[in-house]
Amino acid sequence: YHSMTRDKHVSFSRNWNMTGAETGREILSEISGNLQLPWDGNFATSYAQYSIGNIKKDRFQSELKTKTKWIPELKAAFNRVKGAQNFSQQSLFIKVLPGSFHPYVNHESETREKLDSWQTHTGGFEWSLSRTSLKMGIGRRNDFIFSTDLTIMNLIQEAVFGEVDFSRKT
C-alpha cells in the first residue's frame, strides 16, 4: 500500500495555462503578500516564475474578499500569465443589501491570447432564512475564437441559461 499525494495544487495546470504534458526540470519561485483589511476583508497578491524544460512563464495573481453591512459578499480575482502564449482569468462576484434578500451579479472570463476566450455574466437573487435558502438567476455565456484572417476574436457560441438552487438544512 502506497499513499497517493498531489505534488501540485489541483488547479495548477489551468492557472498556469499548461497542458500537463510538459516535461523537463521544473523550477517555481514565488513571492506573495497578504493584507488583512481594517474592516472584514482580505487582499492577497503574488508574483511567480515557473519554468519546465524550455518553457518559461511569469504569473501575477491578486484576490480580494470582503464584506460590509450593505455588501455582505464581494470576491474579485485576477490571474495573468505571460509566456509564449499570454493567458488571463478574471472573476467578480458581488452580493448586496443587508437582511435575508440579496441581489447578486457574477462575472467570469478566461482568455488565451490569439487562441480563444469565454465570458460568463450572471445575475439574480438569493433569499435565505436560518435553515432554508433559495437562489435564482439568469446568465449568459459567450465563447470566442481567434481569427487569423481578421486578427480579432470572433463570437462562435452564445448561450443563455437559468439557475435555481434550493437548500434546506436539517
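We number each residue from 1, following the sequence as shown.
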For residues [X] and [Y], determine if any side-chain heavy atom of one lies less than 4.5 Å from a side-chain heavy atom of the other.
X	Y	answer
Thr122	Thr120	yes
Asp143	Leu155	no
Phe125	His102	no
Met136	Glu163	no
Met18	Ile52	yes
Glu63	Asn79	no
Trp118	Glu108	yes
Leu37	Leu64	yes

Given side chain to side chain contact (heavy atoms under 4.5 Å, CB included), test Thr68 with Leu74 step by step and report yes or no.
CA-CA 9 Å; Thr68 66; Leu74 185 144; over 6 Å; no
[X] versus [Y], closest heavy-atom pair with distance:
X	Y	value
Glu126	Lys135	OE1-CD, 4.1 Å
Asp40	Thr66	O-OG1, 2.9 Å
Ile145	Ile156	CG2-CG2, 3.2 Å
Phe43	Asn34	O-OD1, 3.2 Å
Thr132	Arg168	OG1-NH1, 2.8 Å
Asp58	Trp16	C-CZ3, 4.2 Å

Would you call Lys75 and Glu73 a salt bridge, taking side-chain N to carboxylate O under 4.0 Å as the test?
yes
Polar side-chain atom of [X] near backbone of [Y] as donor-acceptor pair, under 3.5 Å:
X	Y	result
Gln89	Arg80	no
Arg131	Lys169	yes
Lys82	Arg59	no
Ser117	Phe144	no
Ser11	Arg14	no
Ser32	Ala44	no

To the nearest 0.5 Å, what is the distance between [atom1] ([X]) and [atom2] ([Y])?
X	Y	atom1	atom2	answer
Ser46	Gln61	OG	CD	4.5 Å
Asn42	Gln36	CG	CD	5.0 Å
Gln119	Ser109	CD	OG	6.0 Å

For a side-chain hydrogen bond (donor to acceptor under 3.5 Å, both in side chains) check, start with the C-alpha distance between Gln85 and Asn17, then their side-chain angles and the critical distance, and finish with the verdict.
CA-CA 9 Å; Gln85 180 187 64; Asn17 193 32; 2.9 Å; yes
Glu26 and Tyr50: side-chain hydrogen bond (donor to acceptor under 3.5 Å, both in side chains), yes or no, with the steps?
CA-CA 7 Å; Glu26 287 183 282; Tyr50 176 67; 2.4 Å; yes
Please walk me through it: do Phe60 and Thr45 pass side chain to side chain contact (heavy atoms under 4.5 Å, CB included)?
CA-CA 8 Å; Phe60 175 74; Thr45 189; 3.4 Å; yes
Quick one: list whatever passes ring-ring contact (aromatic ring centres under 6.0 Å, His included) with Phe93, sequence neighbours left out.
Tyr104
Could you walk me through whether Phe101 and Trp127 pass the ring pair (Phe, Tyr, Trp, His ring centres under 6.0 Å) check?
CA-CA 5 Å; Phe101 181 79; Trp127 176 71; 8.8 Å; no
Atom CD1 of Ile31 with >12 non-hydrogen neighbours under 6.0 angstrom
no
Yes or no on salt bridge (charged side-chain N to carboxylate O under 4.0 Å, His left out) for Arg141 and Glu158, after CA distance, side-chain angles and deciding distance?
CA-CA 6 Å; Arg141 178 178 165 127; Glu158 270 183 294; over 6 Å; no
